[in-house]
Amino acid sequence: MADSSVAQQDSLEAKSPYELRVGRGANVPETDVRSALASGDMGFLHSFTTGSAVDGPGIRVVAWTAGCMWRCLYCHNPDTWTMTNGTPVTIARATAELSKYRQGLKVMSGGFTLSGGEPLMQHRFAAKLFAAAKGMGVHTALDTNGYYGDRLTDSELDNVDLVLLDLKGADPERHRRLTGMDVGPTHAFARRLADRRQPIWVRFVLVPGLTDDPDDIARIAAFAASLGTVQRVDVLPFHQLGRFKWKALDKPYALENTQPPAPDLIERTCNTFRAAGLVAY
Ligand code: SF4
């Protein structure tokens with residue numbers, strides 16, 4: 001498949017994933033999109049960002065994929081829901097982009113993180129990119145909601161050093177209201193990672209009035225602790241940096257008036273995870 005002229009023109013680098021990016025792959029024929037998904041020879045990326053200190057150990061280069069089937073009420077990057085909002089990028093171009101940073105990442109004990117959107121919407125592309133990163137000797141992390149974890153084979157998972165797993169809720173009904181999707185596949189993927197003794201960092205977004213139910217947080221904590229391979233839990237305070245995207249995309253935003261959590265709620269939430277025997281920040 002030939003690289004798109006759009007891919008050649010569009011810069012992949014962004015200051016942050018909060019840049020609104022739409023329609024960058026809209027001119028890619030549907031047949032090419034299907035072929036790209038099947039082969040992994042091309043993916044759709046929102047952007048590459050550098051210098052992240054929060055998406056895995058050390059300093060990270062992060063590739064943000066486009067495409068997500070979930071509809072989290074608090075999503076701060078709804079432009080990444082649509083795959084063709086992303087820039088079409090050949091695996092060769094994505095690998096070359098990552099290669100620019102390989103030495104620096106090793107020096108800084110950092111690595112490469114694939115995030116989104118949901119990276120496993122493009123699981124063939126993700127698998128090829130992780131294989132390329134491992135071939136460079138770069139530490140790899142997958143930031144995922146886990147729903148499509150079964151799309152990766154065990155040998156493909158061998159190329160993932162760390163999984164940043166989003167646990168958004170424990171109660172099935174609450175989870176469905178929050179994300180539009182079932183929690184079961186995420187839990188199944190988490191257990192598979194645990195069986196493989198694969199390191200996990202849990203990410204939990206704390207939203208006042210939405211994800212702050214103490215019983216639900218305690219259930220998430222108990223589940224995470226039961227896995228035995230969760231190295232840390234990051235409690236991520238809700239913020240409004242993505243609100244402008246909902247407006248720009250003309251999507252109804254349920255959290256228009258929701259405030260970030262107060263420090264004492266963040267501390268209480270961290271303590272719930274700590275009480276389950278986990279390291280939480
Ligand atoms: S899984 Fe992530 S990208 Fe997808 S809707 Fe939820 S927050 Fe947004």
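One-based numbering, in listed order, for ligands and for the atoms of each. Source: prediction; values computed, not measured.
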Apply salt bridge (charged side-chain N to carboxylate O under 4.0 Å, His left out) to Glu156 and Lys134, showing your working. CA-CA 11 Å; Glu156 288 166 347; Lys134 289 309 291 177; over 6 Å; no
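- Screening the protein for N, O or S atoms under 2.8 Å from atom 8 (Fe) of ligand 1 yields 1; no waters enter the count.
- Under a 4.0 Å criterion applied to the non-hydrogen atoms of Asn145, ligand 1 contributes the atoms 1 (S).
- His76 and Tyr18 have perpendicular rings, their planes meeting at more than 60° on a 0 to 90° scale where under 30° would count as parallel.
- Aromatic rings from His123 and Tyr148 are positioned such that their centres are separated by 6.0 Å or more.
- Between the side chains of His139 and Arg60, at least one donor N or O lies within less than 3.5 Å of an accepting N or O.
- Looking at Thr186 and Lys168, their side chains never come closer than 4.5 Å, going by heavy atoms from C-beta outward.
- At least one donor-acceptor pair under 3.5 Å links the side chain of Thr65 to the backbone N or O of Ser115.
- Residue-ligand proximity: Lys168 is placed with a non-hydrogen atom under 4.0 Å from ligand 1.
- Within the structure, side-chain hydrogen bond (donor to acceptor under 3.5 Å, both in side chains) contacts touching residues 202-219 (residues at least two apart or in different chains) are Asp55-Arg203, Asp143-Arg203.
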